[in-house]
There are 2 protein chains.
Amino acid sequence: MCAHCNYQNLLEKAGVEPTANRLQVLAVIGGNDAPLTAAEVFATIGRFHPINRVTVYRILDLLVRHRVLERISSGGRAAHFGLAPNKYHAPHPHFCCSRCGAVICLNPDSLSIDADNLHKTFAGEVDRIEVLVEGICRNCLKQRSNH
Amino acid sequence: MCAHCNYQNLLEKAGVEPTANRLQVLAVIGGNDAPLTAAEVFATIGRFHPINRVTVYRILDLLVRHRVLERISSGGRAAHFGLAPNKYHAPHPHFCCSRCGAVICLNPDSLSIDADNLHKTFAGEVDRIEVLVEGICRNCLKQRSNH
DNA sequence: GATGATTATGCAATATAGTTGCATCAATGA
DNA sequence: TCATTGATGCAACTATATTGCATAATCATC
Ligand SMILES: [Mn+2]
Ligand SMILES: [Mn+2]
Ligand SMILES: [Zn+2]
Ligand SMILES: [Zn+2]
């Protein structure tokens with residue numbers, strides 16, 4: 001668990017009941033250094049407490065809607081989930097390995113984006129800008145060079 | 001069809017046989033002003049020529065591997081496909097409406113990205129940087145205000 | 001042009017990820 | 001206690017994509 005995050009508090013401030021299941025989901029995601037899929041969250045919680053797969057999906061949706069979590073597109077088929085940016089967690093890009101599928105959080109200052117033009121000219125409402133870096137991860141590069 | 005693109009040529013240069021089906025897929029995507037899903041490509045081609053759904057998926061994969069097309073994450077479940085950046089098509093971000101799911105190409109200069117830090121510090125190989133802008137599109141904003 | 005090898009396509013079955021409907025359980029308040 | 005509401009479970013279902021294998025088309029060699 002991140003030193004700055006009281007998950008119970010996060011949920012209450014977002015206006016959702018801090019049920020045991022919701023706290024579990026949030027703690028599993030908050031305690032991991034990379035975003036997780038619904039299946040991974042389900043499996044992790046399931047090792048200690050019984051929970052239904054559908055409940056996990058519903059909680060993930062709920063927490064994304066309330067901006068406690070963010071849904072991260074991963075290049076692959078399954079969405080990944082991480083803590084939404086807040087006072088203590090700066091928004092940051094994610095890397096996705098096109099060989100092994102690994103998803104990794106990148107440093108917030110590894111990229112800088114200037115979106116002034118977008119905000120001036122785009123006719124819709126912009127809620128979020130997601131950056132996905134695609135390539136080959138370190139591990140896969142190593143393995144590849146061993147051939 | 002884009003004035004600058006000879007699809008037959010694009011395929012040959014990429015080293016893939018320019019079969020009728022491949023040309024169809026490429027022409028449908030190249031002729032549209034926003035990226036399309038596999039299902040949309042299939043339906044569009046299917047109005048005039050018989051083609052199998054699986055063939056469409058295989059061609060999309062092949063052309064993405066050969067960098068003729070790019071796969072665009074859409075926030076939703078289905079991947080979208082557009083022409084890969086080349087001499088005549090600058091890379092550009094995409095907008096995805098979280099209400100209606102519409103995917104729209106944004107102007108290449110609506111965002112500028114500085115990735116120097118990433119290239120200096122990231123241990124893997126970076127092939128592509130995808131930017132996905134999420135929000136509410138103009139149409140959905142209008143509809144919403146009509147209530 | 002016939003022959004065999006290779007590549008592209010079709011079709012059915014299957015897999016994966018996410019969603020829906022409805023029943024039940026738990027918490028809250030009158 | 002009872003009624004109301006929100007949270008969860010479970011089974012069925014949907015949407016999207018992939019696999020295995022058969023057939024058709026294309027290509028290379030003679
Ligand atoms: Mn992250
Ligand atoms: Mn585009
Ligand atoms: Zn990898
Ligand atoms: Zn919309």
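First the proteins, then the strands, lettered A, B, ... as listed; each starts at 1.
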### Along DNA chain D (nearest heavy atom to each residue), the more 5'-positioned of B/Ala78 and B/Arg58
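Its nearest nucleotide being more 5', the pick is B/Ala78.
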### Query
5'-most contact on DNA chain D: B/Glu17 or A/Ala20, nearest heavy atom basis?
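Its nearest nucleotide lies further toward 5', so the answer is A/Ala20.
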Spacing between [X] atom [atom1] and [N] atom [atom2], to the nearest angstrom:
X: A/Arg22; N: D/dA7; atom1: CZ; atom2: C1'; result: 6 Å
X: A/Leu11; N: D/dG6; atom1: CG; atom2: P; result: 17 Å
X: A/Leu62; N: D/dT8; atom1: CG; atom2: C1'; result: 13 Å
X: B/Leu36; N: D/dT16; atom1: CG; atom2: C1'; result: 16 Å
X: B/His80; N: D/dT16; atom1: NE2; atom2: C1'; result: 12 Å
X: B/Phe81; N: D/dT16; atom1: CZ; atom2: P; result: 12 Å
X: A/Leu60; N: D/dA7; atom1: CG; atom2: C1'; result: 15 Å
X: A/Ile59; N: D/dG6; atom1: CD1; atom2: P; result: 16 Å

### Task
Identify which nucleotide among D/dT8, D/dT16, D/dC10 has an atom closest to any side-chain atom of A/Val54, counting heavy atoms from C-beta outward.
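Nearest to the side chain of A/Val54 among the choices is D/dC10.
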### Message
Applying a 4.0 Å non-hydrogen cut-off, can you work out what A/Ala39 is touching in the nucleic acid: base, sugar-phosphate, or nothing?
### Response
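The residue A/Ala39 makes no contact with any strand.
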### Task
Describe the nucleic acid contact of B/Arg53 in one word from base, sugar-phosphate, nothing, applying a heavy-atom distance below 4.0 Å.
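It contacts base atoms.
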Nearest atoms (heavy-atom pairs only) where [X] meets [Y]:
X: B/Asn117; Y: A/Ser110; answer: CB-O, 3.5 Å
X: A/Ala14; Y: A/Val68; answer: CB-CG2, 3.4 Å
X: A/Ala38; Y: A/Leu60; answer: CB-CD1, 3.6 Å

Should [X] and [Y] count as side-chain neighbours, where that means a heavy-atom distance under 4.5 Å?
X: B/His92; Y: B/Leu106; answer: no
X: B/Leu26; Y: B/Leu83; answer: yes
X: A/His66; Y: A/Leu11; answer: no

### Message
Please determine whether any donor N or O and acceptor N or O are separated by less than 3.5 Å between the side chain of A/Arg77 and the base of D/dT16.
### Response
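Such a pair is found, so the answer is yes.
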### Message
Please check this pair: side chain of A/Glu130 against backbone of A/Ser73, looking for a donor-acceptor N/O pair closer than 3.5 Å.
### Response
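Judged by distance alone, yes, a pair lies under 3.5 Å.
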### Task
Would you tell me if any nitrogen or oxygen in the side chain of B/Thr19 comes within less than 4.0 Å of OP1 or OP2 on D/dT26?
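Checking B/Thr19 against D/dT26: no side-chain N or O falls below 4.0 Å of OP1 or OP2.
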#### Entry: First-last contacting nucleotides on DNA chain C - partner chain A, under 4.0 angstrom, heavy atom
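Range of nucleotides touched by chain A: C/dT16 to C/dG21.
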